Asker: 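Here it is, the structure in full.
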Amino acid sequence: MKKILKFVMILTLISVVGFVTVYANEVINGVMSFLGDDIKISLTQATDKMLLDSPGAKIADINYLAAQDTALGYNESASSISALLKAYDAAGVFQTTVSTSDKNILRLRSGFATAQGIKNFEAEQNTLKQETYNKYFSVLQTNDAVKINTENVAIQERILKNTNKKFDLGMVSKQEVLQAELGILNAKNSLTKMEEASTMAKMGFNSFLGYDVMQKLVLTDTLKAADLPDLKLNASIEAAKANRNEIKAAKFALDMQNFLMIKTEVRYPSSSATYLKQKAAVLSAEQTLRQSITGIEIEMRGKYMDVLQKHSSIDNGIASVAKSKELLRLAELSFQVGMNTLTDVQQVQVLCQSDELALSQAILDYNLALNAYNIAITSGTFKAPL
């Protein structure tokens, strides 16, 4: 009786899963097809497009022109300097309540804006580059996952074919045939879910690039691990310390506080509350600069380890996929000669598919980590208030 109930349950489950999968495929294929002529685009082309005509690029251009205007207009009102100090206060760089009416503060700001304007522009461009890189390779990874799930369906169909042959020879029961059929339906269901995730990623990327959400884009790059460069950690740390906007902003903040300290020393006795408050502000700015420098070093060391760890994960993933595929081959051979069960074969296939998906994700994670490391050596993505 238990065997009959189990058989009926499997048969019912196959019918339900089969109906849901077919219905979902019909809906998706009917209303979610990408349209228009193929637009082939490489990562370089996508990046160039973002840097030339995207809203983010236009904002970066405007901000750069505004920085140049700030550099030239150092005689503007003290109210704008108050706004600047409030921006640094909000960013946690320094605090001050000292008057900002002195023209020398305006000149100090002008000098910083002259040098920092292009650095802020680079930071905005870095943000666009990083977002484009991440989204481009994320779409590639979902495409790869669809391919892996498609291959899984084909393997499940092969398993069913072999199971049917054994059933015809009286070597397996009808229950195992139904189990193999259920394996196909589950595989198709997983494929449908991954196709949905891929469609969402593609629509998001289309929108990001400024295309219609259903435009048919063909990404010409492939998901493969970038070559691991000879990362020179100490040189990278020094480059980051020299280039990063966080440190430049902290240095400017300290310059401002030191200047305000000079003014305070002239006007107030060393025992006054105003003097002591400004002295504390200088010490705080010095501490902020030290923390910025050490923070960048810690960040670079962390990114360095992250790149190496993720690259190692790819090597391990390649080995795991090779072993699991060999296990699947041996499991299918053993099943054909009656040395193991259908469940054994399906369990190995689940392992094989899981290893392939993990490898695909590892390649994506490594590429993103390496790209983040390279950007961190430059101005970064932080814009200093001007």
Side-chain angles (χ1 to χ4, degrees), residues 1-30 32 141-201 316-363:
M1 177 62 71
K2 288 184 179 180
K3 290 184 178 180
I4 294 175
L5 288 175
K6 188 175 182 180
F7 178 84
V8 172
M9 290 175 63
I10 293 175
L11 188 60
T12 303
L13 185 58
I14 289 174
S15 300
V16 172
V17 173
F19 171 77
V20 171
T21 302
V22 170
Y23 177 76
N25 284 333
E26 287 179 350
V27 172
I28 292 174
N29 292 332
M32 298 301 292
Q141 195 276 328
T142 60
N143 290 345
D144 195 52
V146 168
K147 178 184 175 183
I148 292 169
N149 277 272
T150 301
E151 292 172 349
N152 181 46
V153 172
I155 291 172
Q156 294 292 345
E157 289 174 343
R158 185 177 71 215
I159 291 173
L160 174 60
K161 181 179 179 181
N162 292 333
T163 305
N164 278 325
K165 287 181 179 179
K166 295 191 68 175
F167 176 75
D168 292 339
L169 296 173
M171 299 174 63
V172 297
S173 66
K174 183 61 177 179
Q175 179 178 318
E176 287 179 286
V177 173
L178 293 174
Q179 184 179 337
E181 291 176 349
L182 182 59
I184 291 178
L185 294 175
N186 287 334
K188 288 182 177 179
N189 189 45
S190 296
L191 173 59
T192 299
K193 291 180 180 179
M194 187 50 63
E195 287 175 334
E196 178 183 349
S198 178
T199 298
M200 294 298 295
N316 294 336
I318 291 172
S320 295
V321 168
K323 291 181 184 298
S324 59
K325 284 187 174 182
E326 178 62 12
L327 282 174
L328 178 62
R329 186 184 70 84
L330 295 175
E332 288 192 85
L333 289 174
S334 298
F335 176 66
Q336 291 174 14
V337 297
M339 294 179 62
N340 65 5
T341 66
L342 173 63
T343 299
D344 295 328
V345 177
Q346 290 180 323
Q347 286 176 344
V348 174
Q349 170 52 17
V350 169
L351 173 65
C352 187
Q353 182 190 17
S354 176
D355 286 344
E356 287 186 291
L357 290 172
L359 175 58
S360 178
Q361 185 65 46
I363 293 173

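One is the number of the first residue; the rest follow in order along the sequence. Just so it is clear, the model here is predicted, and its values are computed rather than measured.
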Asker: Using the test side chain to side chain donor-acceptor pair (under 3.5 Å), find all partners of E176 that sit at least two apart in sequence or belong to another chain.
Answerer: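 With sequence neighbours excluded, E176 shows a side chain to side chain donor-acceptor pair (under 3.5 Å) to no residue whatsoever.
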Asker: Would I184 and K188 count as a side-chain contact (heavy atoms from CB on, under 4.5 Å) if you check the C-alpha gap in whole Å, the side-chain angles of each, and the deciding distance to 0.1 Å?
Answerer: CA-CA 6 Å; I184 291 178; K188 288 182 177 179; 3.7 Å; yes
Asker: Over all heavy atoms of both residues, which pair between N143 and S198 is shortest? Give the atoms and the distance, please.
Answerer: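 Smallest heavy-atom distance, with atoms named: OD1-OG, 3.2 Å.
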Asker: Tell me every residue that passes side chain to side chain contact (heavy atoms under 4.5 Å, CB included) with S360, counting only those two or more places apart in sequence or in another chain.
Answerer: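 S360: side chain to side chain contact (heavy atoms under 4.5 Å, CB included) contacts with Q141, D144, I148, L223.
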Asker: Do the non-hydrogen side-chain atoms of M194 and T150 ever get within less than 4.5 Å of each other?
Answerer: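 M194 vs T150: side chains apart.
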Asker: For T343, which residues count as a side chain to side chain donor-acceptor pair (under 3.5 Å) partner, sequence neighbours excluded?
Answerer: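 By the side chain to side chain donor-acceptor pair (under 3.5 Å) rule, T343 matches Q179.
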Asker: Do you know the tightest heavy-atom contact between V345 and F335?
Answerer: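 Distance-wise, the nearest heavy atoms are CG2-CB, 3.5 Å.
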Asker: List for me each residue that meets side chain to side chain donor-acceptor pair (under 3.5 Å) alongside Q336, sequence neighbours excluded, and say none if there are none.
Answerer: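 In terms of side chain to side chain donor-acceptor pair (under 3.5 Å), with neighbours along the sequence ignored, Q336 is linked to no residue.
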Asker: Does a side-chain heavy-atom distance below 4.5 Å link T142 with T199?
Answerer: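 The answer is no, as the side chains (C-beta and beyond) never meet within the 4.5 Å cut-off.
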Asker: With sequence neighbours excluded, tell me which residues meet side chain to side chain contact (heavy atoms under 4.5 Å, CB included) with S324.
Answerer: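 Side chain to side chain contact (heavy atoms under 4.5 Å, CB included) list for S324, sorted by chain: L351, C352, D355.
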Asker: Test V172 against T341 for side-chain contact (heavy atoms from CB on, under 4.5 Å), laying out the working first.
Answerer: CA-CA 9 Å; V172 297; T341 66; over 6 Å; no
Asker: Under the side-chain hydrogen bond (donor to acceptor under 3.5 Å, both in side chains) rule, what pairs show up with a residue in residues 159-169, not counting sequence neighbours?
Answerer: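 Listed once each, the pairs would be none.
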Asker: State, to 0.1 Å, how close Q346 and A180 come at their nearest heavy-atom pair, and which atoms those are.
Answerer: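 Taking every non-hydrogen atom into account, NE2-CA, 3.8 Å.
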Asker: Taking salt bridge (charged side-chain N to carboxylate O under 4.0 Å, His left out) as the test, write out the residues that go with K325, two or more places apart.
Answerer: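 Once residues adjacent in sequence are excluded, the partners of K325 under the salt bridge (charged side-chain N to carboxylate O under 4.0 Å, His left out) criterion are E356.
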Asker: Could you walk me through whether L342 and I159 satisfy the side-chain contact (heavy atoms from CB on, under 4.5 Å) test, starting with their C-alpha distance in whole Å, then the side-chain angles of each, then the deciding distance to 0.1 Å, before giving a yes or no?
Answerer: CA-CA 8 Å; L342 173 63; I159 291 173; 3.3 Å; yes
Asker: Name all pairs fulfilling the salt bridge (charged side-chain N to carboxylate O under 4.0 Å, His left out) condition that reach into residues 326-348, sequence neighbours left out, sorted by first residue then second.
Answerer: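 Applying salt bridge (charged side-chain N to carboxylate O under 4.0 Å, His left out) to every pair that reaches into residues 326-348, excluding sequence neighbours, yields R158-E332, E326-R329.
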Asker: Looking at OG1 of T192 and CG of N149, how far apart are the two atoms once the value is rounded to the nearest 0.5 Å?
Answerer: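 One gets 9.5 Å once the value is rounded to the nearest 0.5 Å.
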Asker: List the atom of A187, the atom of Q156, and the distance in Å for their closest heavy-atom pair.
Answerer: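 Here A187 and Q156 meet closest at CB-CG, 3.8 Å.
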Asker: Measuring from L178:CG to L160:CG, what's the distance to the nearest 0.5 Å?
Answerer: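 Between L178 CG and L160 CG, I get 9.5 Å after rounding to 0.5 Å.
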Asker: Whether the side chain of S354 engages the backbone of V350 through a donor-acceptor N/O pair (distance < 3.5 Å, no angle test) should be reported.
Answerer: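 Pair absent, no side-chain N/O of S354 close to backbone of V350.
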Asker: Taking all atoms of both residues into account, what is the closest heavy-atom pair of Q349 and L328, and its distance?
Answerer: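 Residues Q349 and L328, closest heavy atoms: OE1-CD2, 3.1 Å.
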Asker: Tell me every residue that passes side chain to side chain contact (heavy atoms under 4.5 Å, CB included) with M339, counting only those two or more places apart in sequence or in another chain.
Answerer: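 Scan of M339 (side chain to side chain contact (heavy atoms under 4.5 Å, CB included), adjacent residues dropped) gives S334, V337.
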Asker: I'd like to check the side chain to side chain donor-acceptor pair (under 3.5 Å) partners of N340; sequence neighbours left out, ordered by chain and number.
Answerer: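 Partners of N340 under the side chain to side chain donor-acceptor pair (under 3.5 Å) test: none.
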